[in-house]
J.: 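To start, I am sharing the structure in question, which I have written as structure tokens.
The basis for the numbers below is simple: all heavy atoms, side chains too, and nothing from hydrogens, waters or symmetry mates. Every chain is numbered from 1 and lettered A, B, ... according to where its sequence line falls, protein lines coming before strand lines.
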Amino acid sequence: MSLLPDFAHWQQLDGVLAVVTAWLALGATGVFALRRFGFVTKVLFPLGGLLGLLLSGIALTAVFQEPATAVLPLGLPGLPFHLRLDGLSSFFLLVIGATGAGVSVYAAGYFGRGEGTPPGLICLEYHAFLATMALVVLADDAYVFMVAWETMALSSFFLVTANHRIPEIREAGYLYLLVAHIGAIAILLCFGVLQANTGDYTFANMRAQHLTSFWSSAAFLLALFGFGAKAGLLPLHVWLPEAHPAAPSPVSALMSGVMLKTAIYGILRVSFDLLQTQRWWWGVLMLALGLASALFGVVFAAAQVDMKRLLAYSSIENIGLLCAGIGLAVVFSSYGMKPLAALALTASLYHVASHAFFKSLLFLSTGSVLHATGERNLGRLGGLIRFTPWIAWVTLIGVLASAGLPPFSGFVSEWLLLQSFLFTPGLPDSFLNMLIPVVAALIALVAALAGYTMVKFFGIIFLGQPREEKLQRARDAGPWERGGMAWLVMGCIALGLQPEQFIQIIDPVTRLLVHAGLGDNVAGHGWLLVPVAVDRASYGPIIFLLGVAACFLLAFLVVRLLYHGRVRRAAPWDCGYPWQTARMQDTAEGFGQPIRQIFEPFFRMTRELPDPGDEAPRYHVTIADHFWHWLYLPIAAVVERAARLIGTLQQGRIAVYLLYSFITLLAMLVLVRS
Amino acid sequence: MNALLSQFVNLLASALLMLSFAMISQRRILSLIHLFTLQGATLVAATILVGYATNQPHLYFSAGLTFLLKVVAIPLLLHRAIDRLNVRWDIETLINIPTMMIVGIGLVIFAFNLALPIAKLSATVARGTLGIALACVLLSFMMMITRAKAIPQVIGFLSMENALFFAATAATYGMPMVVELGIALDVLVGILILGVFMFQIREQFDSLDIRHLERLKEE
């Protein structure tokens with residue numbers, strides 16, 4: 001296949017490449033229209049969204065095709081770009097394209113009001129970000145993978161620091177870049193191990209290698225570390241709650257919804273595709289890390305008072321669930337239980353798509369709230385459902401999906417995940433058989449806490465009374481923002497109502513990775529979603545929806561016809577309070593307080609309690625992460641001390657510096673001589 | 001005939017080495033510039049001789065270039081610089097001169113020792129000269145280290161370049177023309193930058209003593 005394909009043999013891979021090129025071209029166009037707000041936001045961003053839609057369409061057909069490869073004559077001499085479009089990359093392209101479409105349309109409205117960076121530059125960074133995410137999943141050698149991966153990290157860094165005049169945002173960006181680079185080094189080393197001294201860095205070569213148990217474990221651990229840093233797995237999650245709130249909302253949406261998923265892609269690619277066999281303890285490690293992240297993320301989310309930070313911690317939780325699901329798939333796969341591995345993998349991939357939709361949606365809605373009110377702090381919001389009903393209803397759907405309630409997308413994926421955990425008694429290892437029910441219970445706990453967090457998120461922002469005067473002047477989202485969010489809402493609903501269709505798309509992916517799929521099983525039962533056997537478990541979203549609707553209708557009719565017949569109107573009893581103000585409502589801190597009490601060892605809290613005699617009492621609590629004090633600050637201290645030691649070399653005298661090079665020269669000459 | 005020429009080249013080489021030692025022991029900037037000019041002239045003579053002896057006409061070009069740059073242009077620039085900065089007399093060195101001479105002799109022995117195996121392999125006219133060239137490089141480097149003022153350091157840098165050029169001529173009959181032109185340009189640019197630098201530190205500290213730059217160090 002050449003760079004310029006003949007249109008008669010136009011294949012999906014060419015289409016995907018065309019979209020990537022077009023995204024880059026859009027970005028480049030933005031540079032020439034640096035400050036022309038209207039053109040950039042109303043022409044370039046919607047075009048980018050259209051391309052995203054196109055990409056998802058192409059990817060949808062490509063999932064069912066045989067893998068296609070291409071070699072582009074780009075890159076260094078003798079080191080061309082190898083690309084490959086197979087089921088796994090198509091699936092992730094589908095997620096990137098579909099989410100990117102919604103976010104781009106939203107961005108057309110959002111960036112219209114300007115950020116700290118000229119809109120043309122944002123356009124360049126944004127589209128480069130999209131294009132390189134697509135390239136990451138297309139890459140078929142380590143070289144193009146690393147180039148795309150690093151460009152993705154860099155472009156997202158510049159997007160995070162769009163408002164670079166604020167010092168906190170610069171710090172957040174720096175932290176993000178630092179962790180991203182540490183991760184990238186691990187990924188590079190992982191590829192170095194995978195190529196097994198052959199010097200050939202194509203993925204095809206890596207697949208052909210048969211590594212010893214030690215080296216394949218080393219490669220897996222490096223990959224888990226490197227991709228875990230990008231995904232926000234536990235010890236490396238610190239950048240996530242800083243970078244997501246710092247970035248403009250469409251960027252947070254893309255980063256949380258899509259970019260974290262490229263790390264999941266990397267883990268899947270390395271552990272199921274590039275490595276031949278899996279070992280059971282890898283899966284246990286991933287389960288442990290994933291669960292720890294999930295629990296940690298959700299507990300911290302429940303305690304946050306900044307709405308974007310809350311969502312960022314919730315992203316850590318979801319990534320943790322994904323990682324646990326993949327870990328389970330690794331365990332099953334290592335014992336040769338392919339159908340169950342396929343079930344766990346299907347659940348994880350389903351959650352990838354579902355999280356991409358609902359988390360992007362929620363981040364976008366925080367952006368709309370931010371633009372409508374200028375507030376990110378939950379303590380200053382409230383009652384917005386009356387002033388911005390559109391944002392409120394859209395957010396409600398996102399919140400329900402995120403809380404894992406039927407009939408939305410989050411329920412299906414979490415239900416599938418729990419189903420896969422319930423099949424573990426079949427494992428031949430008694431230790432695992434004991435361990436995994438505990439894990440399943442923890443996942444149920446995480447899901448419940450996620451529901452709690454989402455109640456807090458929605459309730460504090462949209463319900464009750466406005467906590468500030470200015471909230472009453474809040475304006476609802478504009479047409480572009482509505483369009484973008486509506487698309488994502490549709491995604492949440494479609495994934496929730498049509499799981500059996502969507503599992504058909506995932507089927508080729510799991511067949512590629514573990515040589516088994518749920519497709520046939522699911523197709524046999526029509527409207528009912530049956531992952532394994534109909535007598536074990538089944539779920540019919542449409543039936544459920546109809547049932548719920550019938551119940552509502554019945555209740556409504558009963559109340560309307562029977563109860564309202566004998567209404568007696570009187571002033572309500574107001575509990576003895578003469579009036580009710582916004583300060584009497586539950587606050588974000590108050591709502592999270594039980595969680596802070598129960599999970600106190602998780603936090604590093606400093607409370608400022610008011611004095612009883614204080615005229616204007618103030619309650620203040622700050623919550624910090626133990627990992628800073630246990631892990632990051634010690635490392636930083638060691639690095640600083642080493643730097644100071646090396647710094648003594650720096651004398652400030654030119655003669656000494658010259659002496660250094662003179663001595664080096666003499667030493668090298670002596671070395672050459674001997 | 002050829003033997004005589006090669007003796008001449010050796011004579012010029014030893015003259016270069018002498019000049020290097022003279023530069024190390026010289027305190028006065030004005031005399032230093034004279035010595036540098038003389039070194040350049042010796043280099044030109046050596047290059048022409050090697051070119052004649054080995055019938056390499058392109059060495060004449062490089063000799064001409066060297067003459068223009070190192071015998072005419074740079075000494076002129078340096079003279080103007082010391083006139084404008086009014087620093088004809090330089091008293092200070094960081095290490096006293098007899099010590100430097102002894103260290104210098106040590107360096108020469110080291111350089112000859114180092115060049116011995118290479119000289120055995122080489123079949124060029126001027127094979128004994130490689131050690132001398134190397135010694136000149138090291139001596140000039142040492143001069144750069146031990147001088148406290150900016151202009152002697154610049155002269156040390158330039159004379160190091162001279163020695164390198166001589167090493168190239170002696171060992172391989174000169175470098176390709178492109179490389180030579182590139183180096184010539186580098187030296188010129190280097191001089192310009194150092195000139196700007198000299199005037200800058202003069203303006204900042206009212207002196208050309210580079211020890212003032214120590215203040216730039218991060219605490």
J.: Under 4.5 Å from any heavy atom of chain B, what part of A:Leu666 do you find: side chain, backbone, both or neither?
T.: both
J.: Is it true that B:Phe141 and B:Phe157 have ring centroids separated by less than 6.0 Å?
T.: no
J.: Centres of the A:Tyr201 and A:Phe145 rings: under 6.0 Å?
T.: no
J.: Under the side-chain contact (heavy atoms from CB on, under 4.5 Å) test against B:Thr42, which residue among B:Val71, B:Asn162, B:Leu19 passes?
T.: B:Leu19
J.: Just checking A:Phe81 against A:Tyr143, ring centres under 6.0 Å apart?
T.: yes
J.: Test side chain to side chain contact (heavy atoms under 4.5 Å, CB included) on A:Leu260 and A:Lys230 and set out the steps.
T.: CA-CA 6 Å; A:Leu260 301 187; A:Lys230 186 62 117 187; 5.6 Å; no
J.: Taking heavy atoms only and a threshold strictly under 4.5 Å, list by residue number the residues of residues 104-111 of chain B that touch chain A; give 'none' if the list is empty.
T.: B:Leu107, B:Phe110
J.: Donor-acceptor pair, A:Arg604 side chain versus A:His626 backbone, under 3.5 Å?
T.: no
